[in-house]
**Q** 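If you scroll down you'll find the structure; I have some questions about it.
The first residue of the sequence shown is numbered 1, and numbering continues consecutively from there. In listed order, ligands and their atoms are each counted from 1.
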Amino acid sequence: MKLLVTLIREGLGRLIILIDWITRPRKLKRSPEAQAQVAQATQGLSLYQFYACPFCVKTRRAIHRLNLPIDTRNAKPGSPFRQELATEGGAVKVPCLRIEEAGNVRWMYESSDIISYLEQRFA
Ligand SMILES: N[C@@H](CCC(=O)N[C@@H](CS)C(=O)NCC(=O)O)C(=O)O
């Protein structure tokens, strides 16, 4: 039974990845100067995520659409990123955006909040 649940979950995850790949949104176009500024501004951002989690796929689609070079960190079991997420972020829940600004770090959970934050800053 446990194996069946795992297989269904893995299968659904891969299906979501495939649909995401087929229906990728277009990237926002910026001038080279504006894109360089965005690259600078996103240096303090990292997305803790799982590869096939639907909320992470939704967040990665927004990142792709907004053309943001944000570092992604896989928080799969056994990963050091999972440990960081638990001890520094406060919970092993993905997606989570780590935001480092002027020496301060904050951890933003909830895909909708992350997407709104990125849209407000970069759309
Ligand atoms: N409402 C949250 C849901 C996030 C969520 O449920 N994430 C799952 C993965 S799909 C999770 O992190 N579960 C904890 C775990 O698998 O350890 C959002 O939109 O970000």
Side-chain angles (χ1 to χ4, degrees):
M1 187 62 187
K2 201 175 164 195
L3 177 68
L4 183 65
V5 171
T6 306
L7 283 175
I8 291 172
R9 209 176 44 206
E10 288 289 315
L12 278 177
R14 267 152 192 69
L15 183 64
I16 288 167
I17 295 293
L18 178 67
I19 293 170
D20 169 45
W21 183 72
I22 293 169
T23 64
R24 228 95 242 242
R26 274 171 196 254
K27 279 187 178 182
L28 182 70
K29 284 211 169 98
R30 299 186 183 90
S31 67
E33 296 77 21
Q35 189 61 31
Q37 276 183 4
V38 164
Q40 178 74 30
T42 52
Q43 270 182 6
L45 304 180
S46 349
L47 185 77
Y48 288 66
Q49 50 114 39
F50 296 155
Y51 180 61
C53 147
F55 304 100
C56 302
V57 170
K58 175 181 131 186
T59 308
R60 290 202 306 267
R61 282 174 76 84
I63 289 173
H64 175 85
R65 179 170 47 79
L66 293 168
N67 198 358
L68 304 173
I70 293 179
D71 185 33
T72 54
R73 299 179 170 178
N74 195 335
K76 64 184 174 188
S79 149
F81 296 132
R82 190 180 183 92
Q83 192 61 34
E84 279 175 20
L85 192 58
T87 54
E88 296 176 38
V92 178
K93 194 169 111 183
V94 292
C96 179
L97 187 68
R98 181 183 186 274
I99 306 167
E100 186 167 355
E101 279 169 330
N104 294 317
V105 175
R106 62 194 171 107
W107 298 77
M108 183 180 284
Y109 289 91
E110 289 301 320
S111 52
S112 303
D113 291 347
I114 297 170
I115 294 169
S116 298
Y117 168 81
L118 294 174
E119 279 176 347
Q120 273 172 25
R121 256 190 97 176
F122 300 107

**Q** Hey, are T23 and R61 close enough side-chain-wise for a donor-acceptor pair under 3.5 Å?
**A**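 Distance-only check passes for R61 and T23.
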**Q** Before giving the answer on side-chain contact (heavy atoms from CB on, under 4.5 Å), spell out for R82 and F50 the whole-Å C-alpha distance, their side-chain angles and the decisive distance to 0.1 Å.
**A** CA-CA 10 Å; R82 190 180 183 92; F50 296 155; 3.6 Å; yes
**Q** Using non-hydrogen atoms of the residue, decide whether P95 is closer than 4.0 angstrom to ligand 1.
**A**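 True for this residue.
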**Q** Which ligand 1 atoms does R82 reach within 4.0 Å, using its non-hydrogen atoms?
**A** 17 (O)
**Q** Answer yes or no: does an N/O atom from E110 fall short of 3.5 Å to an N/O atom of ligand 1?
**A**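 N/O-N/O distance below 3.5 Å exists for this pair.
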**Q** Please check if the side chain of R30 supplies one atom and the backbone of N67 the other of a donor-acceptor pair under 3.5 Å.
**A**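 Here the side-chain-to-backbone pair exists.
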**Q** Taking only Lys NZ, Arg NE, NH1 and NH2, and the carboxylate oxygens of Asp or Glu, determine whether R73 and E88 approach each other closer than 4.0 Å.
**A** no
**Q** Run down the list F55, F50, Y109 and name the one with the heavy atom closest to atom 16 (O) of ligand 1.
**A** F50
**Q** Quick one: look up the protein heavy atom nearest atom 14 (C) of ligand 1 and list residue, atom name and how far away it is.
**A** V92 O, 3.4 Å
**Q** Using modelled atom types and a 3.5 Å cut-off, is there a donor and acceptor pairing between side-chain atoms of S116 and backbone atoms of S112?
**A**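 Checking the backbone N and O of S112 against the side chain of S116, a donor-acceptor pair under 3.5 Å is found.
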**Q** Any donor-acceptor pair under 3.5 Å linking the side chain of T42 with the backbone of L45?
**A** no
**Q** Which heavy atom in P25 sits nearest to a heavy atom in R65, and how many Å separate them?
**A**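 Looks like CG-CB, 4.0 Å.
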**Q** Check each of I114, V94, D113, V57 against atom 7 (N) of ligand 1 and report the one with the nearest heavy atom.
**A**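 Comparing heavy atoms across I114, V94, D113, V57, the nearest one to atom 7 (N) of ligand 1 lies in V94.
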**Q** Decide whether an N or O pair under 3.5 Å exists between S111 and ligand 1.
**A**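 It does: an N or O of S111 is found under 3.5 Å from an N or O of ligand 1.
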**Q** Would you please determine whether Q49 falls within less than 4.0 Å of ligand 1 on a heavy-atom basis?
**A**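 Judged by the 4.0 Å heavy-atom criterion, Q49 does not count as contacting ligand 1.
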**Q** Evaluate C53 for polar contact with ligand 1, using N/O atom pairs at a separation under 3.5 Å.
**A**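 C53 vs ligand 1: no N/O contact under 3.5 Å.
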